[in-house]
Amino acid sequence: MVSIGVLVRSKCFSGIGKVVLINEETGFAEISFFESPLSPNSRIQTCLISELNLTQLHDEAVIYCKNSQSSKWQRARYGGSRPDDFHLVIYRSGEQESLDISEIYILNIANKDNIDVKAFLASRTTDSPRYSEPRSQFMSSYIKQRSACRSLSSLLSTSVELEAHQLAIVRRVLQDDNKKYLLADEVGLGKTIEAGMIIRELIIDNPDSVVIISVPDPLVEQWKNELEERFFLDALYDDTVFICSHSNISKVLLDNTPTVLVIDEAHLISPLAWSDKLTEKYKYDQIADAAKNSETCLLLSGTPLTGNENNFLSMLHLLSPESYELTDSGLQSFKTKIEERERLGGIYQSLNDSNDNFTLTDNLNLIAEMFPFDEKLNQLLDETRPLVDWSSNSSSETRTTAIKVLRQYLGENYRLHQRLLRNRREDPSVAFLFPGLDGVTREVWSIDKQSISIEQYLDGYRNEYLESGQPTQAITQDNYYSWLEDALTSPMLIGNRAKILLEQGEMMPFEVDVLESLIEFSTQEQQQKDSKLIEVIKSCINENDNNQLIVFCGENKVSMHVYQTLKNEFGNQVELHQVDSKPKFCSSPNIKVLVCDKQGEDGLNLHGGRKSVLHYSLPLSFSRIEQRLGRVNRYSADIKAYPVKSIVLLPNCESFSKAWFDLLNRDVGIFNNSVASLQYVLEEFINEAMSNLIVQGVNVLSNLSELLGGVNGQVYQERQKVIIQEQLNSMEADIEAVSIFTDSLITSDDEAESDALLMSIWIKDCLHFKKLPGEILGTFKYIYTKNTLMDINTFISDCIFGLDFENSTYKSPMTELMSFDRTICSQGQKIYPFRYGQPFIEAIYKTLLNDRRGICSARIRILQNTKLPQPVAGFKLEWLVTHQESKTTSTNQKKFDEVFPPKIDTQWYFSSGTEIDNPNIINLLEKPYESHGETKSAMYKDVNLRSERWSFIEEHFPEESWADTVNKVYENSATNLKSNYLENDSLSFECLSMSVVILYGK
């Protein structure tokens, strides 16, 4: 029943209020709100009695009341109801009493920006310094981390290492109102990490986000593992986060409307735009509609533009259908734009301050001719011309800055597409993050000198029968290429194929002898090749115990054969790659060999350590070999990784495979340098060459070698074209701009490891969570106990995504594994970093905002060996300084933390209202709380001014003038603080805490 003095809730107001008046006739009641001990019944509000609900306080709730012994206001803990409508109030261990509900108050500052801290100190309602110091340490570390990441909490709270090139992309996307981008980093640079950070941040901003992530079929489980172990999103799977295969995306889109759409390996979807098949075209159109209607669309593709214009256009169409139309005229316009950008890229490349003024002047004139109607660009050109005049100083800082600004403008406004973000391995800021490639070793297996190899036999057959056009049935002009592919994969494929054809019996008579010979040759060569394989692996393992090898076999049948062969020789040191599962090879040094078929060539992350790639098969595809090497030569900043060696097995004779190997190694250089940016162009060359295979045989590779190799060859020429073309798409300027931010973030993250120990004092010693060691070295968990000073329901609700439900009980919820050390977290075992944005830290911070323990404290500090003429009071005020707009919404907090990163400003004042600027006095005042001080060497002893002890200072600081003293100090501090920021009138100042240390001489 609602009566005067009870605590109530209502839809009429937020929080908890107290009934101070009831009018039974009108049916209305007056409600007051406790803002501080000086304003216990403020903001009187009238409500219908029928709209009021009695409040049931939870155990450990923070309450305020007057201590019946001292008649002073005190903060206390609610201990539960007692007989006769009384309630237990706990002041501290061993000090408690029962009060009527009318004497109990709950803090409610409603829509005010912050609590009136000075009112608590002015009324002498203080807490022990054992609370105030840990609270201050927790808050200081929290704000420092928030400031460093500009409230982009996913940067710190995910289990990844922090790299500038990834942060540049994540910041660019998250700070843009139109979050639709093509993340086009080359293979191995961490597009998944970039996407994961963005997804996590978007979900933090809007928990109702519906995220659909479409990936190639073999990568579904890998994405799920990645988003679980590094980004902790697994609790949302199939609820608001859907990870599906490209083959299943249509069904998922029919059932869900995404606010966030992510397409991995988007180049596999883009060809559907040009398909003649209705089902494929429908799927593309369906994805295009979802992309258009989504708030965020991320396309991930490391494929190059060169030689892939059609599919690149259909990817860009998903981001901006109006600008990139899928029509003949749209395609022609796109190709023209590419040619124009290639020309501009050449100019852009030479637009640097190291060039002479004559060259730069010519470049400025060429740019002006290309873009006569760009007013901003021409203004920049006009400002730069005098600085590159023939008589101007070619080493002036003004000249360097002007050229840099001009380059940035061109790169930002004339890249192929403003929403294409691309880092390349060759970029200086990125290259050092990769282990690199360390060339290739050719290992040969024996061919009997009295015999010929399978490849030679096939070439002889081609020359005798196919080139002349004689009718054949087993090996024909149409299938000869596939026979050759089998020969370069494994002799067993040739033998198996010949056996099947002999069993079928449909062939020309002379072909029987051919197939029988191939079966005989395949048996001999398979034995020789397997023997060489075992010999090579033994040598690698014996050379260094840390060596590991990935054996790529191509076909599944071949990988099964190789696995069994090696298993028989090396036992449990060999593992067979299984789709949808992470290889133990990645984490166990005892597994020396991983055997993969074609599905292992894409999506696996096998980097780190001493790893070699053994090409058991040698596919006639540049991109497949590039993909294999990309499994190991990838982003490795967080782990030790050595340059990647390649090993190729070949028959010991002149053969097609030897010529193909020489072309790959000598003319293309694929085992020494990545050709990711050239793969489409190179594939065109090989496809065109193979069209002459029947006529020319192995000579097609000789001709191709002449075309591709040398400084005048196509490989060199295309590399130069890519360099010029990529100049405008480079993220170098963004990475440079973000480097200061990154350095600050990494410094803050390093400091967070040591600050974490200070933050944990609040958690362990003040809130009484129990810390348990984790099962992994360097990890731990926190568990809620019966002594924890926090409402259990509030904790579970606020930390829901950070709890280990398998090992929790309702009365003792337990967190997931955490670690102070980011390196431990980044190993990918679902270990939460103890950082800003992590669910447990956010739950503690949120509780801290509603738990005013420690906002004010007062102590006497007795100096053991010092005499003072009279006591000296030092007031400490901690101010949170932020942009005033950052407090409105989480989105604005991110936006305006960028404008003005939040900071805590600490000031010390004498009781006279004068600021303390003597560092020696400040150092003495800031020393930690010490209530014992029993030893002779102790400099001081502290006495906490509890409510009954304030009489100790009455002679020098009488109660009647105490409030005036506190108010004067507060106002002077606030005025002085604002004067320090006069140049910025858009800031907000919140006093987080106010404490006093009163020095007495012995």
Side-chain angles (χ1 to χ4, degrees), residues 58-62 75 77 90 92-93 127-146 153 156-157 159 232 748-749 751-776 778-805 807-809 811-822 824-825 831-855 857 878 904 928-929 992-993:
H58 57 75
D59 289 352
E60 300 300 337
V62 176
R75 177 195 55 78
R77 300 175 357 239
I90 305 170
R92 63 186 59 84
S93 179
D127 294 311
S128 168
R130 296 192 189 280
Y131 283 106
S132 60
E133 288 182 357
R135 180 190 180 98
S136 175
Q137 291 164 349
F138 183 96
M139 183 66 81
S140 175
S141 181
Y142 182 91
I143 295 300
K144 186 162 56 176
Q145 292 179 50
R146 170 187 157 187
S153 60
L156 288 177
S157 64
S159 292
F232 320 116
S748 173
D749 193 64
E751 292 175 352
E753 294 188 14
S754 56
D755 287 352
L757 295 173
L758 299 177
M759 295 178 79
S760 62
I761 295 174
W762 175 258
I763 296 168
K764 288 194 307 173
D765 297 348
C766 297
L767 297 183
H768 298 304
F769 279 90
K770 185 177 181 181
K771 186 179 178 182
L772 303 175
E775 54 267 30
I776 299 172
T779 66
F780 56 88
K781 295 181 179 183
Y782 279 110
I783 185 169
Y784 188 103
T785 73
K786 63 180 181 179
N787 297 318
T788 301
L789 303 181
M790 183 176 176
D791 173 48
I792 191 168
N793 293 323
T794 301
F795 173 64
I796 292 174
S797 174
D798 291 343
C799 192
I800 190 74
F801 294 119
L803 295 179
D804 177 4
F805 285 99
N807 295 300
S808 294
T809 65
K811 291 186 177 181
S812 299
M814 180 187 298
T815 69
E816 293 276 14
L817 276 179
M818 293 183 277
S819 177
F820 299 149
D821 190 338
R822 180 168 296 278
I824 293 174
C825 297
I831 303 171
Y832 287 71
F834 193 83
R835 298 292 189 278
Y836 170 85
Q838 190 256 80
F840 180 66
I841 297 297
E842 290 304 305
I844 298 299
Y845 176 73
K846 186 175 179 181
T847 301
L848 183 144
L849 294 179
N850 297 311
D851 180 351
R852 299 307 171 174
R853 273 175 283 209
I855 60 169
S857 69
E878 292 183 308
I904 291 179
Y929 178 66
L992 298 177
S993 69

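Index from 1, following the sequence.
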- Query: Do you know which of Thr785, Asn787, Ile763, Thr788 makes side chain to side chain contact (heavy atoms under 4.5 Å, CB included) with Lys770?
  - Reply: Thr785

Closest contact, heavy atoms only, [X] versus [Y]:
X	Y	answer
Glu878	Ser993	OE1-OG, 2.7 Å
Glu60	Leu789	OE1-CD2, 3.1 Å
Tyr784	Asp791	OH-C, 3.9 Å
Asp755	Lys144	OD2-NZ, 2.8 Å

- Query: Could you go step by step and tell me if Cys766 and Arg853 meet the side-chain contact (heavy atoms from CB on, under 4.5 Å) rule?
  - Reply: CA-CA 9 Å; Cys766 297; Arg853 273 175 283 209; over 6 Å; no

Could you check whether any side-chain heavy atom of [X] comes within less than 4.5 Å of a side-chain heavy atom of [Y], counting everything from C-beta outward?
X	Y	answer
Lys846	Thr794	no
Ile800	Phe805	yes
Val62	Arg77	no
Arg135	Ile855	yes
Arg75	Arg852	no
Leu803	Phe795	yes
Ile841	Met759	yes
Leu772	Tyr782	no

Donor-acceptor contact present, side-chain [X] to main-chain [Y], <3.5 Å:
X	Y	value
Ser797	Asn793	no
Tyr929	Ser132	no
Ser157	Ser153	yes
Ser819	Gly778	yes
Asp798	Ala843	no

Roughly how far, to the nearest 0.5 Å, is the [atom2] atom of [Y] from the [atom1] atom of [X]?
X	Y	atom1	atom2	value
Glu133	Asp127	CD	CG	12.5 Å
Asp804	Leu817	CG	CG	7.5 Å
Leu156	Ser748	CG	OG	6.0 Å
Tyr131	Asp765	OH	CG	10.0 Å
Ser136	Leu992	OG	CG	8.5 Å
Leu758	Ser140	CG	OG	9.0 Å

- What do the steps show when you test Phe820 against Phe780 for side-chain contact (heavy atoms from CB on, under 4.5 Å), and what is the final call? CA-CA 9 Å; Phe820 299 149; Phe780 56 88; 3.3 Å; yes

- Taking the inter-plane angle between the rings of Phe834 and Phe840 on a 0 to 90° scale, is it parallel (under 30°), tilted (30 to 60°) or perpendicular (over 60°)? tilted

- Given the rule in the side-chain contact (heavy atoms from CB on, under 4.5 Å) test, do Ile831 and Ile776 qualify, once you have shown the distances and angles that lead to the verdict? CA-CA 9 Å; Ile831 303 171; Ile776 299 172; 3.9 Å; yes

- Item | Centroid separation Phe232 to Tyr832 less than 6.0 Å | yes

- Item | Pairing of Glu842 and Arg835 as salt bridge, 4.0 angstrom limit | no

- Query: Do Lys781 and Glu816 sit within salt-bridge range, that is, some charged N less than 4.0 Å from a carboxylate O?
  - Reply: no

- Verdict with supporting geometry, Met818 and Gln838, side-chain contact (heavy atoms from CB on, under 4.5 Å): CA-CA 10 Å; Met818 293 183 277; Gln838 190 256 80; 2.9 Å; yes

- Task: Check whether the side chains of Gln145 and Ser141 place a donor and an acceptor atom closer than 3.5 Å, and report yes or no.
- Result: yes

